[in-house]
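Below: the structure, in C-alpha cells.
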Amino acid sequence: MLDKRYNPKDIEKGKYDTWKERDYFKAGDKSKPKFSMVIPPPNVTGKLHIGHSWNTTVQDIIARYKRMKGFDVLWLPGMDHAGIATQAKVEERLRKEGISRYDLGREKFLEQAWNWKKEYADTIHNQWKMMGLSLDYSRERFTLDEGLNKAVNKVFVSLYNKGLIYRGERIINWDPVFKTALSNIEVVYQDDPGKMYYFKYFIEGTDEYLTVATTRPETMFGDVCVVVNPKDERYKDVVGKKVVNPANGELLPVIADSYVDVEFGTGAMKCTPAHDPNDFKIGQKYGFPHPICMNDDATMNSLCGKYEGQDRYTCRDNLVEDIKNNGCLIKIEDIIHQVGHSERSHAVVEPMLSKQWFVRMEPLAKASLDLQNSDEKIEFIPERFNKIFTNWMTNCEDWCISRQLWWGHRIPAYYSKETGEVLVSEVPPKDMENYTQDEDVLDTWFSSALWPFSTLGWPNKTEDLERYYPLDIMVTAYDIIFFWVSRMIFQGVEFTSKRPFDKVLIHGLIRDANGKKMSKSSGNGVDPIDVIDQYGVDALRYFLTTSTSPGLDTRYIEEKVQSSSNYLNKIWNASRFILLNIKDGEENFEIDENLLDDIDKFILTKLEKTISKVTLNMEKYDFANASTHLYNFVYDDFTSWYVELCKIKLNGEDEKVRHNTLSVLLKVLKDIILMIYPYTPFIAEEIYLNLPTHLESIMKETYPEVEEKFIFEESEEIVVDIINMIKEVRSYKVDNSLAPNAEIKLTLIPTSNLDLNKYLPYLKRFTFASEINISSLGEGNIKVFKFANLLIEDNIDKKELLLKIEKEINRLTKEVERCQKMLSNPQFISKAPEFKINQEKEKMQGYQNELNVYIEKKNKIK
RNA sequence: GGAAGUUUAGCUCAGCUGGGAGAGCGCUACCCUUACAAGGUAGAUGUCACAGGUUCGAGCCCUGUAACUUCCACCA
C-alpha cells in the first residue's frame, strides 16, 4: 500500500538498479520495429549541469514512450573526450601541483588524462542514474575507444585520399595560452575596449607622410606594404613609392588594391600577411613574403629587434611610446571593437599564419545541401532550424582540424625521416623507425561528427549498424548545431551515403530565473542534484520537459518545480484513495459495461479523448502540450469530479455497482499512470506496482490506446450539465454570503424527456440541498441549462430578483443580437463554412431559449 | 552589416489549419468536506507591443515600426 505521503526519495530508491539488472534498457528484440537514438556525448570535463538534465530527459521520455509503443528502442550512451576542454582541466590540476605537461611528457600526461576520464565517467554515470535515464549500457562508447579511433583514422585517410583533407599554410586562430590552433567557431567575439593608433608613415626621402591606423601596432614588424584604393585621389601619387615603417624603419611599398575602403579610417591600410586573414590574401595576390613576428605564446620573436621576448601587449605599449618619441604618433583613439577570444581559454586569439590540417568544406557542404533539397531531407523540429543549418553550410569555410594538443586522436600522418615526405595511413608504416608521426591531434568535433555511426561499429558492417542506422532522432540544443549537428550530417552523408538521422529535435538553453545564462563565473548555476534532493527527480523531469516550448529557451523557476511536485502529489493521493477502496481479496477488475452509468461513461469518454490528444502530441514530440492535456484531465475531470462523484457509489449498498465503479477508477488511474510514466518513471512505477493488475514492472506495459466502445458523447453532455448546475449553486452561495454547506432548496424544471431522478443524489450531495423537486412551479433564482432549468429557492425580495433577471436578459439580448447581426450578414452566409454557420445558428437558438425563460419568469414576478 | 526569435493577466508562459482569450505561481473571500492544507470551493485581473492592410471575421495571415534576446559576418 502507498504511504500516506508522497515521498520522492523513498520511492526512487532501488528502482533504477532493478530496471537495469533486468535488462529493460537493453535493445535487441528483433521481433519489433526498431527505434534508435544516441545520447549527445557529454564532455568528461566535470559534472553535468541542468541543461544536460533537460536534454537527456527529453530523450528518456522518447525512449520510454517508444518502448511502450512496441518499438525495440536503442538509446546508446557515451561520452566525449573533449580534447581541449579536458586537457585544460588536467593541466590545471597538474599546475596546482606545480607540474606542467612538458615536465611529464606526452605518455605520462595521457595517463593522467585517462585517470581524469575514469573519475568523471563515474560521476556522469551516477548522474545518469539519478536522472533515471534508460540507456543501453551494454553499448556504451567513448570517443577515444579503439573502435572509434579506427573510424576516425578511416575517415581521415579517406578524405585525404579524396583531396578533401589537406595540409596547408593558412591564417588560423591561435590560442596563445593553450598554444594550439582553433577552428573559426571556437572563437567567440566580444566587445572589448581598445585603441586605434594613428601613425605617420613617411614617404621615402620626403617630409610628407601617409597616416596609417592600426589597432595592433605590435604586428607592424610583420608588415610588407601599405595598401590604398586605386580610385582614391588622395593617394594617387603615392602608389608605387615607398614609405617608412615607423616601427623598424624598413621601407614598405605602397600598392593599390580595391580591397581597401576609401571611406574607412584614413584610407591607407598596413598589410600584415601573416597576422590577418585579409592581409594574407593581399600578400598572396601580390607575391609578398609573409613574415611572422610572434612566438607560439604570443611573445615577440627575433624579427622585432629589441622587443624580442616581450609579450605582445607589452611590446605594443613600448613600441607606441617609442614611436611617439620619434614624432611619428599622430593620435590615439579609444574604441570599442569586437575581439576574438578562445572559447576555452578566453585568451585573445591571435590570427597567425600556420601550417595546419584542413577539411575542404565545399564538396561536403554541397552534398548536405543537396540532401536538404531532396525527399530524404532531415526534418528539423522546429523547422526554422533547417534554415540556420543551410545558411551556415552555404557560407562555411574550410575547417581547421589539427590541434597542438596531446589529448585526442593523433593525426594518422607519418613523415619520412629521410625525405620528409608524408604518408597518410590508417595504420603506422611497417618501417616506423624511418618515420615520425604528426605530433598533432584532431579537433574533438572530428570524432563527434562520426558519433551516429561510429558508435554502432562503423566501419565494420556490424549487426547494430545494419539494424539501427540511420538513427530515428537526434535531440540537442541549438547552440551546437554548427559544431556538431552540421558535421554529423556531412560526415554521415559522405561515409554512409545516408542521412545520419531522420529528425533533429532542437531545444533551447536553460537560464536562471532572471533570464540570464547560467555560468560558473556568475554563480547562478543550478545543480540538478540539489533540485533532486529537494523535490525528487520526477518533479525535476516533469518541470524540464513540460514548462518549455519547442526550440525556445526556458527559465529555471523553482516554483514550477514545486508545482510539478504538487501535481505528482495529487496523483499519488488519488491513487491512494482508489487503492484504499479495494477490499481484501477483491479481484477481477474487468469493467462490466452493462453496469456503467452516465457518471462512469462521462469519465471514460473524457479519458479516451485525453488518450487521443496526448498520443497525438507525443507523436509530434510536443511533450509540453501532451502533458497539459493529461494535467487538465487529471485535475478537472478525474480528481475534481469523477473521484468525488463516485464516492456515492463506492459507499452505496449495491456491491456490484461498487465493484464496477472501482474497476472504472482503476482503469482510469492505470491509463493516467501509463501516460505520465515517460515523464516521471519513478512515481509511476511505484503506483503501478500497487495496482491489483500489475505486471512485474510498468516497463512491460504498452501505451493506452483509444477504445471507441468507451466513448459516450451523450453521457458526457449530461454529466457536464449536472456539474455546471452544481457549480452554479456553489457560486450562488458565495455571491450571497452563504456557507458552502448551507442548506438550500432546489427545483428542476425539465426541458427534455431525460429522467432527472437518476442525478438527484449527486446534485444533493454537492449542493447540500435539503430538498430537490422536479416540477414546473417554483419561486427563486433561475438558471437555464441544457437538460433542465434550475431554480434556487431563496427569500430575496422581488426587486433584487428582478434586477438579476434583467441583467441576464440584457446579456442574452446582446448575445442574440450579435448572432443575428452575423447571420444576417450576406457576406458571412455566403463565405463562411457551413459548419460555422450552423454553429452560430445553434448558439443563437440556445441564447433565444434562455432568453425566453427569463422573460417568462420576469413576467410572472410582475 | 545579415539573419532568426520574442513581445498575451502582477510574474513565468501556453494559445492548433483565422470563428468569442488560457494555465501555473501570486492575489481576494470562504472551507480542517474521512485521497490530498504540498489541499478544496468560488472569484478578481488583458487596448493580445504599435500602425496599417487582407478578410464576413485577426492574438493568429501580410506590410511596416519599436523594444528586448540570440546567432552569423566583420574593415585596417
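Just so you know, these numbers use all the heavy atoms, side chains as well, and skip hydrogens, waters and symmetry mates. Residue numbers begin at 1 in each chain, while the letters A, B, ... track the order of the sequences. Quick caveat, the model's predicted, so the values are computed rather than measured.
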Determine the interplanar angle of the Tyr6(A) and Trp572(A) rings, folded into 0 to 90°, and report it as parallel if under 30°, tilted if 30 to 60°, perpendicular if over 60°.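 Rings of Tyr6(A) and Trp572(A): tilted, 30 to 60°.
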
Please determine whether a side-chain nitrogen or oxygen atom of Ser731(A) lies at a distance below 4.0 Å from atom OP1 or OP2 of rG43(B).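 For rG43(B), OP1 or OP2 has a side-chain N or O of Ser731(A) closer than 4.0 Å.
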
Can you check whether Arg730(A) has a side-chain N or O nearer than 4.0 Å to OP1 or OP2 of rU41(B)?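 Answer no for this pair, as no side-chain N or O of Arg730(A) is under 4.0 Å from OP1 or OP2.
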
What distance, rounded to whole Å, do you find between the two [atom1] atoms, one in [N] and one in [M]?
| N | M | atom1 | value |
| --- | --- | --- | --- |
| rC27(B) | rA23(B) | C1' | 16 Å |
| rA21(B) | rG40(B) | C1' | 26 Å |
| rA51(B) | rG59(B) | P | 13 Å |
| rU47(B) | rA42(B) | C1' | 29 Å |
| rU33(B) | rA38(B) | P | 15 Å |
| rC13(B) | rG46(B) | C1' | 15 Å |
| rU69(B) | rU63(B) | C1' | 23 Å |
| rA14(B) | rG57(B) | C1' | 24 Å |

Proximity to the side chain of [X] - top-ranked nucleotide from [options]:
| X | options | answer |
| --- | --- | --- |
| Ser565(A) | rA42(B), rA76(B), rA38(B) | rA38(B) |
| Arg384(A) | rU12(B), rA4(B), rA73(B) | rA4(B) |
| Ser563(A) | rG24(B), rA14(B), rC71(B) | rG24(B) |
| Tyr631(A) | rG24(B), rU70(B), rC74(B) | rG24(B) |
| Ser549(A) | rA14(B), rU12(B), rA73(B) | rA14(B) |
| Asn566(A) | rC74(B), rA38(B), rA42(B) | rA38(B) |

Using a 4.0 Å heavy-atom cut-off, does [X] contact any base of the nucleic acid, only the sugar-phosphate backbone, or nothing at all?
| X | result |
| --- | --- |
| Asn395(A) | nothing |
| Lys733(A) | nothing |
| Thr215(A) | sugar-phosphate |
| Pro826(A) | nothing |

Among residues at least two apart in sequence or on other chains, which ones pass ring-ring contact (aromatic ring centres under 6.0 Å, His included) with Tyr635(A)?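 ring-ring contact (aromatic ring centres under 6.0 Å, His included) check on Tyr635(A) returns Tyr567(A), Tyr631(A).
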
Side-chain donor or acceptor of Arg216(A) under 3.5 Å from a matching atom on the base of rA76(B)?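 Flag unset: no donor-acceptor pair detected.
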
Let's test your reading of the pairing rules: Watson-Crick or G-U wobble, both distances under 3.5 Å, then write RNA chain B as a dot-bracket string with ( ), [ ], | and dots. (((((((..((((.....[..)))).(((((.......))))).....(((((..]....))))))))))))....

Relative to the 5' end of RNA chain B, which residue comes earlier, Lys270(A) or Glu559(A), by the nucleotide with the nearest heavy atom?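 Taking each residue's closest nucleotide, the earlier one in sequence belongs to Glu559(A).
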
For Gln338(A) and Tyr6(A), find the nucleotide of RNA chain B closest to each by heavy atoms; which residue's nucleotide sits nearer the 5' end?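 So the residue in question is Tyr6(A).
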
SB check Arg658(A) Glu586(A) (cutoff 4.0 Å):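 Result for this pair is yes, salt bridge flagged.
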
Electrostatic pair Glu817(A)-Lys814(A), nearest N-O below 4.0 angstrom: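 Looking at Glu817(A) and Lys814(A), the cut-off is not met.
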
Can you pull every protein N or O that's under 3.5 Å from an N or O on nucleotides 29-36 of chain B?
{"unit_1": "rA35(B)", "atom_1": "OP1", "unit_2": "Lys647(A)", "atom_2": "NZ", "d": "3.2"}
{"unit_1": "rA35(B)", "atom_1": "O2'", "unit_2": "Asn573(A)", "atom_2": "OD1", "d": "2.7"}
{"unit_1": "rA35(B)", "atom_1": "N6", "unit_2": "Thr639(A)", "atom_2": "O", "d": "3.3"}
{"unit_1": "rA35(B)", "atom_1": "N6", "unit_2": "Glu644(A)", "atom_2": "OE2", "d": "2.9"}
{"unit_1": "rA35(B)", "atom_1": "N3", "unit_2": "Asn573(A)", "atom_2": "O", "d": "3.3"}
{"unit_1": "rA35(B)", "atom_1": "N3", "unit_2": "Ala574(A)", "atom_2": "N", "d": "3.2"}
{"unit_1": "rC36(B)", "atom_1": "O4'", "unit_2": "Asn573(A)", "atom_2": "OD1", "d": "3.1"}
{"unit_1": "rC36(B)", "atom_1": "O4'", "unit_2": "Asn573(A)", "atom_2": "ND2", "d": "3.4"}
{"unit_1": "rC36(B)", "atom_1": "O2'", "unit_2": "Asn569(A)", "atom_2": "ND2", "d": "3.3"}
{"unit_1": "rC36(B)", "atom_1": "O2", "unit_2": "Lys570(A)", "atom_2": "NZ", "d": "2.9"}
{"unit_1": "rC36(B)", "atom_1": "N3", "unit_2": "Lys570(A)", "atom_2": "NZ", "d": "2.9"}

Does NZ or CZ of Lys609(A) fall inside the cone over Phe633(A)'s six-membered ring, less than 6.0 Å from its centre and within 45° of the axis?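 Cation-pi check for Lys609(A) and Phe633(A): fails.
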
State, without any angle test, whether Asn573(A) and Asn569(A) hold a side-chain donor-acceptor pair at a distance under 3.5 Å.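 Distance-only check passes for Asn573(A) and Asn569(A).
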
Take Asn229(A) and Tyr235(A) through the side chain to side chain contact (heavy atoms under 4.5 Å, CB included) test and state the conclusion after the steps. CA-CA 8 Å; Asn229(A) 191 294; Tyr235(A) 303 123; over 6 Å; no

Rounded distance in Å - CD1 (Ile506(A)) to C1' (rA4(B)):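 Nearest whole value for this atom pair: 14 Å.
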
Nearest whole angstrom, please: distance from the P of rG39(B) to the CG of Leu568(A).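 To the nearest whole Å, that distance equals 12 Å.
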
Say you draw a straight line from CG of Asn581(A) to SG of Cys646(A); how long is it, rounded to the nearest 0.5 Å?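 Between atom CG of Asn581(A) and atom SG of Cys646(A) there are 7.5 Å.
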
Residue list, side-chain hydrogen bond (donor to acceptor under 3.5 Å, both in side chains) with Arg316(A), at least two apart or on another chain: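 Once residues adjacent in sequence are excluded, the partners of Arg316(A) under the side-chain hydrogen bond (donor to acceptor under 3.5 Å, both in side chains) criterion are Glu218(A).
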
I need the full list of side-chain hydrogen bond (donor to acceptor under 3.5 Å, both in side chains) pairs touching residues 257-273 of chain A, with sequence neighbours left out, sorted by first then second residue.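 Listed once each, the pairs are Thr219(A)-Lys270(A), Asp223(A)-Lys270(A), Asp223(A)-Thr272(A), Asp257(A)-Lys285(A), Asp257(A)-Tyr286(A), Tyr259(A)-Asn278(A), Lys270(A)-Thr272(A).
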
Side chains of residues 186-197 of chain A: which donor-acceptor pairs under 3.5 Å do they make with residues two or more places apart or in other chains?
{"unit_1": "Glu186(A)", "atom_1": "OE1", "unit_2": "Ser183(A)", "atom_2": "N", "d": "2.7"}
{"unit_1": "Glu186(A)", "atom_1": "OE1", "unit_2": "Ser183(A)", "atom_2": "OG", "d": "3.0"}
{"unit_1": "Glu186(A)", "atom_1": "OE1", "unit_2": "Arg403(A)", "atom_2": "NE", "d": "3.4"}
{"unit_1": "Glu186(A)", "atom_1": "OE1", "unit_2": "Arg403(A)", "atom_2": "NH2", "d": "2.5"}
{"unit_1": "Gln190(A)", "atom_1": "NE2", "unit_2": "Asp192(A)", "atom_2": "OD1", "d": "3.3"}
{"unit_1": "Asp191(A)", "atom_1": "OD1", "unit_2": "Gln338(A)", "atom_2": "NE2", "d": "2.8"}
{"unit_1": "Asp192(A)", "atom_1": "OD2", "unit_2": "His341(A)", "atom_2": "NE2", "d": "2.6"}
{"unit_1": "Lys195(A)", "atom_1": "NZ", "unit_2": "Asp334(A)", "atom_2": "OD1", "d": "3.3"}

